[in-house]
Q: 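One structure follows; several queries about it will come next.
Basis for what follows: all heavy atoms, side chains included, without hydrogens, waters or symmetry-related copies.
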Amino acid sequence: MRLRTSRFKVSFALALVVAMVCMGLLVSAPPARANHDTIAWSSAMQVAGATGFTDSYPAVVTDGHGYVYVFYPTENNAGLTTNVNVTKIQAVGAGGVPHVLFTTQVNDVSNVATNSIVSAAVDASGNLYVAWVRATPTLSDEIYVSKSADGGLTWNAAVRANAPNAAGDDSWPAMTVTPAGTIYVAWVQSWGAKDALSVSHSTDGGSSFGSWMNITTPAFVWSPAIASDAHGRVYVAYGGLQNGSSTHYDTNVTWSDDGVSWAPWQTLTDSQYSGFFPALAVDQHGVVHLAWFGVKGGDYTIRASMSDDRGATWSTPISLPSGTASGYVGYLATEGDTLMYVWSPFSATASAAIVSGDDGASWYPVEYFGSVVTYTNVAADQNGTFWASYANGAVIDLQWWAGPPSAPAVTSVAATGGNALIVTWTGAPEQNVAEYQVWRSGDGSTYQIVATASASTTSNADTGLANGTYWYKITAVNNQGAPSHDSNAASGVVGVTIAQLENEIANLQSQLNTANADLGSIQTQLNTLKGQMSGLQGNTTALQNQINKLQDQLNTLQGQQATQTMAYANLAFEIIVVVLLVVVLLNQMRRPKKPQLIMAQPGQAAPPKPEDDL
């Protein structure tokens with residue numbers, strides 16, 4: 001009875017402690033420390049522009065090695081001839097600011113490009129690719145791809161991406177490269193009043209393209225977007241007229257693993273919102289993000305959906321913070337847990353951007369940057385810096401937004417056997433992380449920094465701790481002092497816990513039950529034998545001796561049982577004493593601590609004395 005009563009007290013105390021902890025975590029979780037909305041855009045840097053020429057439609061890529069590339073068509077205002085140029089920028093140049101390294105022509109045959117949209121990509125080896133529109137005398141406009149294997153300094157002969165002798169005009173290229181190096185190009189093929197979305201791909205590093213096909217029924221098709229994930233699946237989206245309608249535009253998406261077989265198209269718009277100018281990006285978790293301009297009567301907004309099962313299903317579209325939303329062609333970029341969508345509003349003289357710091361779960365308000373903008377493109381680098389380039393009149397400008405790092409993830413909080421806990425975490429992916437901050441809480445609510453660790457460190461030993469439970473979170477800080485959001489919280493315990501005592505008591509109770517069960521089984525067997533003996537005919541001396549011997553053994557076992565039961569009773573009493581000591585210790589821990597002496601800092605009022613509250 002005493003043992004069961006003690007178990008009830010321990011169980012109740014354990015439940016009470018767990019309840020208090022859970023209430024603390026749910027009611028007063030600490031706020032996230034990062035605030036992407038306070039990160040300012042840089043001032044504009046001109047990357048291209050010369051008297052007598054017009055630069056437009058920039059495309060931006062980063063190579064993961066500290067370089068930014070801006071591609072754009074340049075038109076000679078006198079001869080109306082066009083070439084595709086690239087400007088290479090060192091992200092951290094002299095004085096710690098971006099620096100233009102050089103500008104060069106991309107197309108090997110001069111004056112054959114058209115003044116229209118270009119698309120660029122970089123593969124895992126750092127090779128650069130750009131898809132552009134070439135005017136030909138016999139077949140009108142075609143899609144060509146140029147490649148550089150030396151960081152943009154020189155360019156190979158351009159290779160046609162569309163089918164040989166393809167009829168009609170080809171325009172609006174969109175390009176992506178898979179991790180395995182397969183290059184995909186999508187574009188709009190037009191003939192007369194009909195359009196189709198076409199694709200092709202290259203498996204030999206851009207030396208040739210094949211598997212040309214139209215993946216839509218001829219209709220009115222606009223603005224293809226394309227992206228690929230870490231496993232090589234390619235996603236394509238476009239905006240076009242709804243079947244049977246001459247006014248309602250839909251945003252549609254499909255995917256392919258080989259560029260030959262394509263999944264059925266999925267329409268993400270509804271009967272209320274038309275959809276224009278889709279943008280695609282795949283984040284670090286493999287989630288596919290799709291955003292587009294939504295139009296409902298006179299209401300313009302940015303609509304967005306995402307797929308966490310590689311395009312099989314898509315979330316219900318939502319409206320993002322849009323500001324002055326109506327505009328021309330938006331683009332998505334992602335790095336770490338930050339996602340950015342940019343566009344050029346018709347009714348504003350600046351580019352617009354909206355940012356999510358949690359992989360698209362929530363978004364900050366619209367921010368504007370730049371001036372006299374007609375077209376904006378964006379890319380992110382390995383440091384979480386987003387680079388946006390736009391046409392400012394006849395020149396190309398570049399601005400950047402150095403966002404905070406991604407949040408780390410605490411993987412364990414382990415006890416060392418002494419008065420210490422070791423916190424281990426997974427670091428942020430950005431390369432400009434300067435340090436990690438270790439935050440500790442004694443109540444799961446209020447956190448304080450207890451240590452800082454270098455960018456190469458992913459664990460910290462917190463020593464000299466009193467017995468109790470402690471919670472930890474980690475933040476990453478980049479070299480500009482911007483902190484990340486908090487990591488997840490994880491807890492550890494120093495000293496013996498009520499849960500451990502509860503488990504020990506349960507083990508001892510199980511051992512006692514087993515011993516009692518064994519003795520009961522022996523008693524049953526002896527009773528059975530006695531019954532069998534009494535049923536025998538005759539009363540021989542040998543049988544009587546056996547009965548007497550068995551009875552003696554039974555008496556001995558019963559005596560052992562009584563002794564063992566007393567031992568277990570003593571052990572149960574000792575456990576009850578330990579539990580009572582734990583309860584006393586917990587009561588002492590709940591008592592208010594003595595006020596700590598807090599020294600006033602220069603220029604601050606002295607802290608109140610304890611007696612002032614009396």
Q: Is the closest side-chain heavy-atom distance between Met213 and Val260 below 4.5 Å?
A: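 Met213 vs Val260: side chains touch.
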
Q: Do Leu268 and Ser305 have side-chain heavy atoms sitting under 4.5 Å apart?
A: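 They are in side-chain contact.
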
Q: As a quick check of understanding, evaluate side-chain contact (heavy atoms from CB on, under 4.5 Å) for Val109 and Arg134, giving each step before the final call.
A: CA-CA 10 Å; Val109 179; Arg134 176 173 177 170; 4.1 Å; yes

Q: Do the side chain of Gln105 and the main chain of Asn107 share a donor and acceptor less than 3.5 angstrom apart?
A: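 Yes, the answer is positive, given that a donor and an acceptor are paired below the 3.5 Å cut-off.
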
Q: Is there a donor in the side chain of Asp141 and an acceptor in the side chain of Ser171, or the other way round, less than 3.5 Å apart?
A: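 No, Ser171 and Asp141 have no side-chain donor paired with an acceptor closer than 3.5 Å.
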
Q: Can you list every side chain to side chain donor-acceptor pair (under 3.5 Å) pair that touches residues 154-164, not counting sequence neighbours?
A: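 For residues 154-164: Glu142-Asn162, Asp150-Thr154.
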
Q: Tell me, do Lys194 and Phe220 make a side-chain contact under 4.5 Å, heavy atoms counted?
A: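 Not touching, per the 4.5 Å side-chain cut-off.
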
Q: What's the spacing between Leu197 CG and Trp222 CH2 if we round to 0.5 Å?
A: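 One finds 15.0 Å between CG of Leu197 and CH2 of Trp222.
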
Q: Give a yes or no on whether the backbone of Val60 and the side-chain of Ser389 come within a donor-acceptor separation of less than 3.5 Å.
A: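 Pair absent, no side-chain N/O of Ser389 close to backbone of Val60.
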
Q: Is there a side-chain contact (heavy atoms from CB on, under 4.5 Å) between Trp255 and Val234? Walk through the geometry before answering.
A: CA-CA 5 Å; Trp255 56 264; Val234 176; over 6 Å; no

Q: Do Phe276 and Trp292 have ring centroids that are under 6.0 Å from one another?
A: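 No, ring centres 6.0 Å or more apart.
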
Q: What closest approach, in Å, do Pro405 and Pro483 show between heavy atoms, and which atom pair accounts for it?
A: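 Scanning both residues, the minimum pair turns out to be CD-C, 4.1 Å.
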
Q: Taking the side chain as everything from C-beta on, heavy atoms only, tell me whether Val355 gets closer than 4.5 Å to Leu339.
A: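 In short, these two side chains do not touch, never coming nearer than 4.5 Å.
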
Q: Go through the structure and list residues passing ring pair (Phe, Tyr, Trp, His ring centres under 6.0 Å) with Tyr72, not counting sequence neighbours.
A: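 Expected list: none.
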
Q: Compute whether any side-chain donor of one residue and acceptor of the other, for Asp169 and Ser190, lie under 3.5 angstrom apart.
A: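 Judged by distance alone, the side chains do not pair up.
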
Q: Once the angle between the rings of Trp132 and Tyr144 is folded into 0 to 90°, is it parallel (under 30°), tilted (30 to 60°) or perpendicular (over 60°)?
A: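 Tilted, since the angle between the ring planes falls between 30° and 60°.
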
Q: Is any side-chain heavy atom of Tyr375 closer than 4.5 Å to one of Val329?
A: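 Result yes, sub-4.5 Å side-chain heavy-atom pair found.
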
Q: Counting N and O atoms only, with roles assigned by atom type, does the side chain of Glu430 sit under 3.5 Å from a partner on the main chain of Ser406, one being a donor and the other an acceptor?
A: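 Checked: pair present.
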
Q: Return yes if a side-chain donor-acceptor contact under 3.5 Å exists between Asn85 and Thr87, otherwise no.
A: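 No, because no side-chain N or O of Asn85 sits under 3.5 Å from a partner of the opposite role on Thr87.
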
Q: Would you name the heavy atoms of Gly370 and Ala350 that are closest together and state the gap between them?
A: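 That closest heavy-atom pairing would be O-CB, 3.3 Å.
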
Q: Asp397 and Ala44: which non-hydrogen atoms are nearest, and at how many Å?
A: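 Heavy atoms of Asp397 and Ala44 come nearest at OD2-CB, 4.1 Å.
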
Q: Tell me whether Ser487 contacts the main-chain N or O of Lys473 through its side chain, where contact means a donor paired with an acceptor under 3.5 Å.
A: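 No: the side chain of Ser487 does not pair with the backbone of Lys473.
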
Q: Whether Asp229 and Arg310 form a salt bridge (side-chain N of Lys/Arg under 4.0 Å from carboxylate O of Asp/Glu) is what I want to check.
A: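 Salt bridge flag = yes for Asp229 with Arg310.
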
Q: Got Pro429 and Gln284 here, is their nearest side-chain heavy-atom distance under 4.5 Å?
A: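 Pro429 vs Gln284: side chains touch.
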
Q: Ignoring hydrogens and geometry beyond distance, is a side-chain donor-acceptor pair present between Asn377 and Tyr390 at under 3.5 Å?
A: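 No - no donor-acceptor pair under 3.5 Å links their side chains.
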
Q: side-chain hydrogen bond (donor to acceptor under 3.5 Å, both in side chains) between Ser256 and Asp258: does it pass, once the steps are laid out?
A: CA-CA 6 Å; Ser256 174; Asp258 57 9; 3.2 Å; yes

Q: First locate atom OG1 of Thr385, then atom CG of Asn432, and finally report the distance between them rounded to the nearest 0.5 Å.
A: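 So the gap between those two atoms works out to 6.0 Å.
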
Q: Do Thr426 and Thr458 pass the side-chain contact (heavy atoms from CB on, under 4.5 Å) test, and can you show the C-alpha distance, the side-chain angles, and the key distance before you say yes or no?
A: CA-CA 6 Å; Thr426 299; Thr458 55; over 6 Å; no

Q: Does Ser202 form a side-chain hydrogen bond (donor to acceptor under 3.5 Å, both in side chains) with Asp204? I'd like the steps, not just the answer.
A: CA-CA 6 Å; Ser202 171; Asp204 57 10; 2.8 Å; yes

Q: For the atom pair OG (Ser356) and CG (Asp283), what is the distance rounded to the nearest 0.5 Å?
A: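 Output value for this atom pair is 9.5 Å.
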
Q: Step through it carefully: locate the ring centre of Trp265, locate the ring centre of Tyr238, and say whether they are under 6.0 Å apart.
A: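 Ring centroids of Trp265 and Tyr238 are less than 6.0 Å from each other.
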
Q: Could you grab the distance from atom CG of Asp170 to atom OG of Ser198, nearest 0.5 Å is fine?
A: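 That separation rounds to 6.5 Å.
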
Q: How long is the span from the CG atom in Asp337 to the CG atom in Asp358, to the nearest 0.5 Å?
A: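 These two atoms lie 7.5 Å from each other.
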
Q: State the CD-CH2 distance between Gln399 and Trp41, to the nearest 0.5 angstrom.
A: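 Those atoms lie 7.0 Å apart.
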
Q: Mind running side-chain contact (heavy atoms from CB on, under 4.5 Å) on Leu280 and Val288 for me, showing each step along the way?
A: CA-CA 7 Å; Leu280 278 166; Val288 189; 4.0 Å; yes

Q: Distance-only, no hydrogens or angles: does the Lys88 side chain make a donor-acceptor pair with backbone N or O of Gly151 under 3.5 Å?
A: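 Answer holds: yes.
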
Q: I'd like to know if the side chain of Asp108 and the backbone of Ala158 have a donor-acceptor N/O pair within less than 3.5 Å.
A: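 Yes.
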
Q: For the pair Ser319 (side chain) and Thr301 (backbone), establish whether a donor and an acceptor sit closer than 3.5 Å, ignoring hydrogens and angles.
A: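 Flag not set: sc Ser319 to bb Thr301 has no pair under 3.5 Å.
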
Q: Is there a donor-acceptor pair closer than 3.5 Å between any side-chain N or O of Asn77 and the backbone N or O of Leu80?
A: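 No, Asn77 side chain to Leu80 backbone: no donor-acceptor pair under 3.5 Å.
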
Q: Is there a donor in the side chain of Asn115 and an acceptor in the side chain of Ser56, or the other way round, less than 3.5 Å apart?
A: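 Side chains of Asn115 and Ser56: pair found under 3.5 Å.
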
Q: Please confirm whether the backbone N or O of Trp314 pairs with a side-chain atom of Ser307, one donor and one acceptor, at under 3.5 Å?
A: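 Such a contact is absent between Ser307 side chain and Trp314 backbone.
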
Q: Within the side chain of Thr62, is there an N or O that forms a donor-acceptor pair under 3.5 Å with the backbone of Gly66?
A: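 The answer is no, because no donor-acceptor pair under 3.5 Å joins these two groups.
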
Q: In terms of the angle between their ring planes, are Trp401 and Phe386 parallel, tilted or perpendicular, with boundaries placed at 30° and 60°?
A: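 Plane angle over 60°, so perpendicular.
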
Q: Quick check: do His36 and Thr38 have side-chain heavy atoms less than 4.5 Å from each other?
A: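 No, their side chains stay 4.5 Å or more apart.
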
Q: Assess, by modelled atom type and distance only, whether the side chains of Thr176 and Ser228 contain a donor and an acceptor separated by less than 3.5 Å.
A: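 Yes, because at least one side-chain N or O of Thr176 sits under 3.5 Å from a partner of the opposite role on Ser228.
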
Q: Can you see which heavy atom on Val410 is nearest to which on Asn488, and at what distance?
A: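 Result for this residue pair: N-OD1, 2.8 Å.
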
Q: Centres of the Trp187 and Trp172 rings: under 6.0 Å?
A: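 No; Trp172 has its ring centre 6.0 Å or more from that of Trp187.
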
Q: Is a side-chain donor-acceptor pair under 3.5 Å present for Thr74 with Asn83?
A: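 Judged by distance alone, the side chains do not pair up.
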
Q: Heavy atoms, side chains only, cut-off 4.5 Å: are His285 and Asp359 in contact?
A: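 A side-chain contact under 4.5 Å exists here.
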
Q: If I compare all heavy atoms of Tyr69 with all of Phe71, which pair ends up nearest, and what's the gap?
A: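 Looking at all heavy atoms of both residues, the closest pair is CB-CE1, 3.7 Å.
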
Q: Testing the basics here: between Trp387 and Pro98, what is the closest heavy-atom pair and its distance to 0.1 Å?
A: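 The pair with the smallest heavy-atom distance is CH2-CG, 3.6 Å.
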
Q: Give a yes-or-no answer on whether the side chains of Glu75 and Thr81 include a donor-acceptor pair shorter than 3.5 Å.
A: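 Checked: Glu75/Thr81 side chains show no N/O donor-acceptor pair below 3.5 Å.
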
Q: State yes or no: are the ring centers of Tyr331 and Trp343 separated by less than 6.0 Å?
A: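 Centroid distance Tyr331-Trp343: not below 6.0 Å, so no.
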
Q: With distance as the sole criterion, is a donor-acceptor pair present between the side chains of Ser200 and Ser211 under 3.5 Å?
A: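 Absent: no donor and acceptor within the cut-off.
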
